[in-house]
Each structure stands twice: as C-alpha cells, then as structure tokens.
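First up is the structure itself, then whatever we jot down about it.
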There are 2 protein chains.
Amino acid sequence: MISISEVELDDFLGQCSTKTFKRNETVSLPNAVPNEIFFINRGLIRVMITDNEGIEHTVHFALENQFISDYSNFIQKQPSFYTLQALEETQVVILSRSAIEWGYKNLQEGEKMGRLIAEYYFIYQDNRIKNTFSRTPKQRYDNITDVFPNIHNRVPQHMIASYLGITPVHLSRLKKASR
Amino acid sequence: MISISEVELDDFLGQCSTKTFKRNETVSLPNAVPNEIFFINRGLIRVMITDNEGIEHTVHFALENQFISDYSNFIQKQPSFYTLQALEETQVVILSRSAIEWGYKNLQEGEKMGRLIAEYYFIYQDNRIKNTFSRTPKQRYDNITDVFPNIHNRVPQHMIASYLGITPVHLSRLKKASR
DNA sequence: TTTAAACGATAACAAATGTTTAGACTTTCG
DNA sequence: CGAAAGTCTAAACATTTGTTATCGTTTAAA
C-alpha cells in the first residue's frame, strides 16, 4: 500500500509487541477507551455488541492478516461498545496508540498509510451496508465466504446467524428450504 | 481539521465548480464510475440503492455542509451502485478526482485531510452498524434527529421508513403503538 | 476415557412485519 | 384556482420470523 524502508519498518515494529490468547479468551472488553489496534498473525477474533437486554450480537469476524479494534472509538478516544473474543488460539501484534501516532508523524508515507487503512475499512463497511439493503439474509448467508473464507469450518452456525441478524432456528430453516 | 493557508485554499477551490439541482432532480446515477465528490452548500440529497427486484432503498440522507458521493466506489474506481437525488433545490460544490488527488499531493496536510475524512465517514458507518444491531427500528426512529436534524420537516415519512429498513405502513403502526 | 456442555435440526405455537386496499387530507404544478 | 399526484393512517389478511422445547449428535474438558 505504501513505500516503507527497512529502517522505518524496524523502527515501527520495535514499538510493537505480540500476545497470544487462548480459545474463547476475551481480548478486549467494553467501557474502556481502546488504546491498541491488533494485527492477527493467526487465529480468529469475534467482535460482539451487547444490547440493553443483555443479548450479544456478533458484529464482525476478524481473520489472519487483518487489523482489528474498536477503530471508531480508538479514533474518538471514547469508551468502547465492543467485546473482542478469540474463537481459536490467536496470536496478535499489538500496535499501541503511541506507535501509531509516531507512524503518522515520522514515517515518510505515514499519513497516507492512515488514509488508506481508513479508506479500506470504510469500503468494507459500505459493502456491508449495501448488502443489508439489497440482499436477503439467505443471500448474504450464501455469499458469506466471499467476506470470511472458510468461516463455516471455524465458527459455529449460531454465531453466523447472529452476524446475519437472524436467530439460529431461522437460519436452520432457511437452509432447509433451499434444499 | 487541518491547517491550510489562504493560498492553498484558493488554489484548491480554483479547481472546483458549483452546480444547482432542482427539487427531485437526479444528481448521480448508478453504473458509472464516480469521479466527483459533492459538498452540499444548501439542500438535501438522498442516497438510494435499487435491489434485484427493482425496489429502491434509502441508504442515507446528506445535509448542508456535508460531503456526499459513492465514496467507496470513488476510491475503488468501480461503477457506482447508488443513485443520488436532490430532494430540495440543492447547491453543491463539485470536487473532481483530479482536484482531490492534487490536494493529497500538494497541500501541506493533504494526506492528513484524506485520513480524517475517511475516518469521519468510517465512524458514521460504524455507529450505524452498532445501532442496527443494538436498537430496534422504533428506537432508531425515535433518535433519527440525532443524525439528521429536522429531517421530519424535510423528508416524507416513507423515505425514513425505507432508511430504517421497514415498510411505511409498519412505521405508521409503530408510531401509533407508542401513543 | 468419560461426562457434561454445546450444537444443529425440527416442530408447534406466538409475535412481528409485510401486503393490499381504501379513504381523507395535503401538496404540487399547470 | 383546480385537478392530479403524493402522503399518511387504518384495517384485514398473509407471510415471515421469533420463541420455546425436544432430541440425537458432536465436542470439549476433567
């Protein structure tokens, strides 16, 4: 995405650390200001939001080689609404706020990197909004591997139903109806 | 959002033009690569997506002092899915792709501006996704003026229902039930 | 290895939401 | 101004989706 020298990359990564989470371990809880962005080396993280009735909704799945955080509240320095949970043993690189701000200032193309990352996630979300308007849950289920390859072998079906905004019982029904 | 000198601003705006659309006039059609971003001086633009059954869904309302375009496909240089329609007489500043790319390269804080704009729209969309998961359509209706002030006096109710993802009849019912 | 928990399918029933049509009122525009 | 189009509510009915419970199977952890 950007040009970056060996030296720059080493300087940047020198400010980062790695951490490993066990299966089903919580990576991040709501109500705290997120000051880190995670990059997933291996594993899978589920992003959830808990509504007023205490029901958990799966908002997103983050896979290997992707960044994940409550990026919105990271930017705004506001308390997070999201819970992040490792669904498998998951190793992440932790990018602290200070490392990221250092990068914006000191990397030759730091601001451009920031722009491209923000644009990338904007596009992801925009696609998602387009899909929710123009496709039925069944159509989105049938195409979910476009966004999350191999998801069916890694995540229980009821979490996929939650991501689609329907009940697990209903998803089971939809699958039956299309057989 | 950024520091910009008089000279820089004049150079940038010199590459832009203004245009006025009549009430109900189409601002932008799908299937063409969007090469412009609009800034609304006055008026109101509705963003729509048409599904496979030919049904129009209202995706967004853009108000005064806001930027609007199919930003996702502007970035990707892909054909748009959206229709933009002026719901009132609407005056826009047209920022061409060339002007924007010029700004990224030549404005002192051009890349930073690009990052902040992308981040801003990311946050807007993230809030929207949070809301669709954690709130009912009625709750979102009751709070819609947080996002679109005075919308009830400017837009017919059936378009708000479309934005909420429900039928106009159902919205009418929800309003009645809460009286 | 064993046992408890989790998972997915299914059925019966309840609730929410969509569809169609009608009518009264308002707005738009020639 | 006046006709036509647009708008909202309402009711009756149809359809979709959620809820709860059960059962057989798989999975996970002690």
Side-chain angles (χ1 to χ4, degrees), chain A residues 21-26 43-44 46 48 50-58 61 85-90 131-142 144-145 150-179, chain B residues 21-26 43-44 46 48 50-58 61 85-90 131-142 144 148 150-179:
Chain A
F21 295 92
K22 288 181 207 148
R23 176 188 159 84
N24 291 331
E25 194 174 352
T26 297
L44 192 162
R46 174 165 73 131
M48 294 175 284
T50 305
D51 68 20
N52 294 331
E53 280 81 43
I55 298 168
E56 289 180 346
H57 303 269
T58 300
F61 300 105
Q85 178 193 35
L87 295 185
E88 307 171 352
E89 175 152 320
T90 297
N131 281 337
T132 55
F133 273 106
S134 61
R135 293 181 171 179
T136 64
K138 181 56 167 52
Q139 289 171 325
R140 293 196 293 134
Y141 176 80
D142 289 337
I144 196 169
T145 52
N150 202 29
I151 193 75
H152 296 299
N153 300 319
R154 301 178 73 180
V155 166
Q157 182 173 299
H158 67 87
M159 292 184 186
I160 296 177
S162 173
Y163 173 80
L164 296 172
I166 62 179
T167 60
V169 176
H170 188 52
L171 177 54
S172 181
R173 242 185 324 226
L174 293 176
K175 287 172 66 179
K176 183 186 185 184
S178 73
R179 283 200 308 256
Chain B
F21 295 93
K22 290 181 208 150
R23 178 188 157 83
N24 290 331
E25 196 174 350
T26 297
L44 191 162
R46 173 165 73 130
M48 294 175 286
T50 305
D51 69 19
N52 294 330
E53 279 82 43
I55 299 169
E56 289 180 347
H57 303 269
T58 300
F61 301 105
Q85 178 193 34
L87 295 185
E88 306 171 352
E89 175 153 320
T90 298
N131 281 337
T132 54
F133 273 105
S134 61
R135 293 181 171 180
T136 65
K138 181 58 167 51
Q139 289 171 325
R140 295 196 292 135
Y141 176 80
D142 289 337
I144 196 168
F148 305 121
N150 202 30
I151 192 75
H152 297 299
N153 300 318
R154 300 178 73 179
V155 165
Q157 183 173 297
H158 66 87
M159 291 183 187
I160 296 177
S162 173
Y163 173 81
L164 296 172
I166 61 179
T167 60
V169 175
H170 188 53
L171 177 55
S172 181
R173 240 184 325 224
L174 292 176
K175 287 172 65 180
K176 184 186 183 184
S178 74
R179 283 200 307 256

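Worth saying up front: this structure is predicted, and the values here are computed from it rather than measured. Each chain gets a letter, A, B and so on, in the order the sequences are listed, and its residues count up from 1.
For Arg23(A), there are no salt bridge (charged side-chain N to carboxylate O under 4.0 Å, His left out) partners two or more places apart in sequence or in a different chain. Residues satisfying the side chain to side chain donor-acceptor pair (under 3.5 Å) test with Glu88(B), not counting sequence neighbours, are Arg154(B).
In this structure, the side chain of Asp51(A) engages the main chain of Ile55(A) through a donor-acceptor pair within 3.5 Å. Ser162(A) places a side-chain N or O within donor-acceptor distance of the main-chain N or O of Thr58(A), the cut-off being under 3.5 Å.
Ile144(B) places a side-chain heavy atom less than 4.5 Å from the side chain of His152(B). Using a 4.5 Å heavy-atom threshold, the side chains of Leu87(B) and Met159(B) count as touching.
Classified by interplanar angle (parallel below 30°, tilted 30° to 60°, perpendicular above 60°), the ring pair Phe148(B)/Tyr163(B) is perpendicular.
With rounding to whole Å, Leu87(A) atom CG is found 15 Å from dT27(D) atom C1'. Spacing between atom CD of Glu25(A) and atom C1' of dA29(D) amounts to 16 Å, rounded to whole angstrom units. Separating the NE2 atom of His170(B) from the C1' atom of dC13(D) is a distance of 16 Å, rounded to the nearest angstrom. Rounded to an integer number of Å, the gap from Arg173(B) CZ to dA11(D) C1' is 10 Å. Counting to the nearest Å, the C1' atom of dG18(D) and the CG atom of Leu164(A) are 15 Å from each other. Rounded to an integer number of Å, the gap from Ile166(B) CD1 to dT19(C) C1' is 15 Å.
Residues of residues 131-141 of chain A that place a heavy atom closer than 4.0 Å to DNA chain D do not occur.
Note that OG of Ser172(B) is 6.0 Å distant from CD of Gln157(B), once rounded to the nearest 0.5 Å. Separating the CZ atom in Arg140(A) from the OG1 atom in Thr132(A) is a distance of 6.0 Å, to the nearest 0.5 Å. Atom CG of Leu44(B) is separated from atom CD of Gln85(B) by 10.0 Å, given to the nearest 0.5 angstrom. Within the model, atoms CZ of Arg135(A) and CG of Asn52(B) stand 8.0 Å from one another, a figure rounded to the nearest 0.5 Å. Going from atom CZ of Arg173(B) over to atom NZ of Lys138(B) covers 14.0 Å, rounded to the nearest 0.5 Å.
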In B/S/- notation (B base, S sugar-phosphate only, - none; protein heavy atoms under 4.0 Å), nucleotides 24-30 of chain C written 5' to 3' is ----S--
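Paired with Tyr141(B) under the rule side chain to side chain contact (heavy atoms under 4.5 Å, CB included), one option of Thr136(B), Ile160(B), Leu174(B) passes, and it is Ile160(B).
Annotation: the terminal axes of the helix from dT1(C)-dA30(D) to dG30(C)-dC1(D) meet at 60°, where each axis is the rotation carrying the C1' atoms of four end pairs onto the next four (5 pairs per end, rounded to 10°).
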Would you tabulate the nitrogen or oxygen pairs shorter than 3.5 Å linking the protein to nucleotides 4-9 of chain C?
unit_1	atom_1	unit_2	atom_2	d
dC7(C)	OP2	His158(A)	NE2	3.1
dG8(C)	OP1	Gln157(A)	N	2.7
dG8(C)	OP2	Gln157(A)	N	3.4
dG8(C)	OP2	His158(A)	N	3.3
dA9(C)	OP1	Lys175(A)	NZ	3.4
dA9(C)	OP2	Gln157(A)	NE2	2.7
dA9(C)	OP2	Ser172(A)	OG	3.1
dA9(C)	O5'	Ser172(A)	OG	3.4

